[in-house]
Amino acid sequence: MTTTTLDALLASSTWTRQLTDAQLDRVRFDMAVRPFAAGTTVCARATPSAHWLGVMDGMLKLENITEAGKSSTFASVPAGAWFGEGAVLKGEPRPYEVVALRDSAVAFLPRSSFMWLLEDSHPFALWMVGHLNARLGHFVAMVQNQRLGDITAQVAYGLAGLFHSDLYPSTERRITLSQEEIGRLCGLSRQVVNRTLQELQERGALRLSYGSIEVTDLDVLKAIARGG
DNA sequence: ACATTAACGATGA
DNA sequence: TCATCGTTAATGT
């Protein structure tokens with residue numbers, strides 16, 4: 001997805017569809033857009049969760065870093081996705097670091113506007129319930145995948161997750177992530193990911209290239225993620 | 001067994 | 001030149 005403008009991002013986001021013109025006008029007015037270079041921090045961990053975030057362009061990751069300096073990515077967020085509602089709703093500091101994986105543009109909706117919209121628009125509140133439910137389902141499935149699946153299923157799930165139709169509605173087939181980053185996303189070493197990606201390529205799910213992969217058969221990838 | 005880290009050379013941008 | 005990839009060896013659980 002290449003939403004070069006805020007209007008394009010809002011137009012392609014399902015949650016705007018049932019807002020009144022006045023509500024959408026206020027949202028657009030309150031929203032700020034900022035660019036981030038690859039590798040820079042979008043939101044530091046443990047800082048106030050002052051915004052709900054939308055990815056206009058690029059790709060972000062949500063990660064936690066241990067005292068020893070090891071990082072674990074629990075979600076990669078492609079363009080077109082909205083996230084961070086959990087921390088905003090709880091009014092708690094952000095429990096994870098948000099980092100730009102590539103040059104990215106991020107839209108920020110202030111917490112006050114977000115809370116207002118939640119009260120002012122019943123359809124938006126319902127959409128948010130569905131969004132949270134989708135997120136919960138995704139992570140429940142992820143736990144199951146890790147407990148019951150093999151390594152191949154684990155990598156397939158990590159990649160297929162980027163195509164979750166509710167959470168990440170407009171992910172491009174070509175995923176510009178290094179194997180190192182895919183490893184962080186799947187909780188596996190780069191070497192194992194390298195071997196597994198080659199297997200997924202043999203099985204016709206994707207095609208490997210330098211610095212990116214192209215998912216050529218999402219159904220196959222999802223089937224493998226379920227334990228095929 | 002099988003994953004992890006470390007290390008190496010090869011190669012693409 | 002630097003990041004990334006593919007591979008191997010040593011090590012740990």
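In the text below, chain A, chain B and the rest are named by the order of the sequence lines, each starting its count at 1. This structure is a prediction, so every number in the text was calculated from the model and none was measured.
Note on ring orientation: taking the six-membered ring where Trp is involved, the planes of A:F74 and A:Y96 are perpendicular (angle over 60°, cut-offs 30° and 60°). Taking the six-membered ring for Trp and thresholds of 30 and 60 degrees, A:F108 and A:F36 have ring planes inclined between 30 and 60 degrees apart. Relative orientation of the A:W15 and A:F124 rings is perpendicular, given thresholds of 30° and 60° on the angle between their planes.
Look at A:D7 and A:R28 and you find a salt bridge, because one of the NZ, NE, NH1 or NH2 atoms lies within 4.0 Å of a carboxylate O, short of that distance.
The interatomic distance linking A:R195 (CZ) with B:dT5 (C1') rounds to 14 Å, in whole Å. Taking atom CG of A:L206 as the reference point, atom P of C:dC5 lies 13 Å away to the nearest angstrom. Computed from coordinates, the A:D103 CG to C:dA3 P distance equals 15 Å when rounded to whole Å. Distance CZ (A:R102) to P (C:dT4): 12 Å, rounded to an integer number of Å. Here B:dC8 presents its P atom at 14 Å from CZ of A:R190, a figure rounded to the nearest Å. Between the CD atom of A:Q198 and the P atom of C:dT4 there is a distance of 17 Å, rounded to whole Å. Summarising the geometry, the separation between CG on A:N194 and P on C:dA9 is reported as 16 Å, rounded to the nearest angstrom. Distance, A:L197 CG to C:dT7 P: 12 Å, rounded to whole Å.
Mapping A:Y210 and A:G187 onto DNA chain B by nearest heavy atom places A:G187 closer to the 5' end of the strand.
A donor N or O paired with an acceptor N or O is found under 3.5 Å between the base of B:dA6 and the side-chain atoms of A:Q191.
Among the nucleotides B:dT4, B:dA13, C:dG6, the one closest to the side chain of A:L208 is C:dG6.
Among the atoms of the strands shown, base atoms are found under 4.0 Å from some heavy atom of A:S189.
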